[in-house]
Amino acid sequence: MTILSGQARLAGIIGWPVAHSRSPRLHGFWLQRHGIDGAYVPLPIHPDAFPSAVRGLAAAGFAGANVTAPHKLAAFEICDTVEASARRAGAVNTLVFQDGRIIGRNTDGLGFVANLRAHGVDPAAGPALVLGAGGAARAVVAALQDVGVTVTIANRTRARADALARDLPGLVVIDWAARSSAIADCALLVNTTSLGMAGHPALEVDLDRARPGLAVADIVYVPLETPLLAAARARALRPVEGLGMLLHQAVPGFAAWFGVTPVVDDALRAFVAGDLLQK
Ligand code: ATR
């Protein structure tokens, strides 16, 4: 049981719904590890109430909050300052309330890159192929471009990939049907689609042409090992599991709200993964 003082620091996750979120568990682990006088709570907030609720949290002395679906775009509107990370990603996932101001940033790209590095993968090692063109794809592509990598994208609906390329200059678009042949040129393959997630079809991609040492990252983390990651492991390629991105994207928010930079380690991973396995 955690006993808070009158000076406890408060943060949470705003979503609608939010019950599925693992963030309270993840931040709670770090709060306990560091003995911090603070709490991180789920904040189910209906879209209609989003602006007034965020202003209310800031007025009530919250240090900030994470923002998840369906609020990531609405969060843009409410910020006094939107950092470059959020503009590039096209979404805000982290709010910091500071001196009466609301600051928006996006930590998904940083989390993705930090997770690659934690798996011993240099994100700048060579060209990347990203599958998908949704919000997650945009954050991943922007982060890879920021480390200087040439990124190619393939999406089932080509128009969405073309739209992304208009926002992120330098992004190369290929047809969805060309995804398997494009792997030959890559050092990194990333799945940002929902394919491979529990209850969804598997991603169909052929790793036959993969270079030795190809890193294969999935942002899906339920199941922890998707069929894509299992195929990469079977071929002695370098699988990078998606759970790590969730863990790493949480680091900057925790540091900003609670004043301690936490580490992602095996104990945290096991704690969050254990919860996933029970569901
Ligand atoms: P997020 O914001 O989490 O990335 P999203 O915007 O719903 O979620 O994007 C889901 C991605 O998975 C999209 O790239 C989607 O492709 P479309 O743009 O063609 O819809 C992709 N996706 C979902 N189901 C798919 C399927 N059966 N085959 C191929 N791609 C699929």
Side-chain angles (χ1 to χ4, degrees), residues 13-23 47 50 66-76 85-94 104-113 115 128-145 151-168 171-183 188-207 216-224 226-229 231 240-250 276:
I13 179 156
I14 303 171
W16 185 264
V18 81
H20 62 283
S21 174
R22 267 67 189 209
S23 290
F50 180 77
N66 281 125
V67 179
T68 188
H71 302 304
K72 284 188 179 185
L73 291 177
F76 249 101
S85 60
R87 280 198 300 274
R88 293 271 287 150
V92 167
N93 78 340
T94 304
R105 59 174 69 150
N106 191 302
T107 63
D108 285 337
L110 271 179
F112 175 74
V113 166
N115 186 38
L129 173 63
V130 173
L131 305 179
R138 181 169 167 148
V140 165
V141 170
L144 288 171
Q145 288 185 331
V151 185
T152 298
I153 194 170
N155 192 50
R156 174 181 61 177
T157 309
R158 166 111 191 191
R160 274 186 100 189
D162 289 333
L164 206 59
R166 284 194 287 279
D167 278 358
L168 299 172
L171 179 59
V172 179
V173 180
I174 60 168
D175 283 340
W176 180 242
R179 62 193 183 283
S180 292
S181 44
I183 288 174
L188 170 65
L189 170 68
V190 189
N191 174 45
T192 73
T193 75
S194 47
L195 295 170
M197 195 184 290
H200 294 246
L203 169 67
E204 283 177 29
V205 66
D206 185 352
L207 297 175
V216 179
D218 207 327
I219 70 159
V220 172
Y221 58 85
V222 181
L224 288 169
T226 60
L228 172 66
L229 295 176
V240 178
E241 68 173 18
L243 182 61
M245 178 177 171
L246 173 75
L247 305 181
H248 283 280
Q249 64 77 33
L276 294 174

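Note that ligands are numbered from 1 as they come in the structure, with each ligand's atoms numbered from 1 the same way.
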| request: Apply side-chain contact (heavy atoms from CB on, under 4.5 Å) to the pair Leu189 and Leu207, showing each step before the final yes or no. | output: CA-CA 10 Å; Leu189 170 68; Leu207 297 175; 3.8 Å; yes
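The two residues Ile153 and Ala161 make their nearest non-hydrogen contact at CG2-CB, 4.0 Å.
The immediate protein surroundings of ligand 1, defined as residues with any heavy atom under 4.0 Å of it, consist of Gly132, Ala133, Gly134, Gly135, Ala136, Asn155, Arg156, Thr157, Arg160, Trp176, Thr193, Ser194, Leu195.
In terms of the side chain to side chain donor-acceptor pair (under 3.5 Å) criterion, Asn106 has no residue partners (sequence neighbours excluded). Residues that satisfy the side chain to side chain donor-acceptor pair (under 3.5 Å) test with Thr94, not counting sequence neighbours, are Asn66. Under the ring pair (Phe, Tyr, Trp, His ring centres under 6.0 Å) criterion, Phe50 pairs with His71, sequence neighbours left out.
For the pairing with Met245, the side-chain contact (heavy atoms from CB on, under 4.5 Å) check across Val220, Val240, Ile219 returns one residue only, Ile219.
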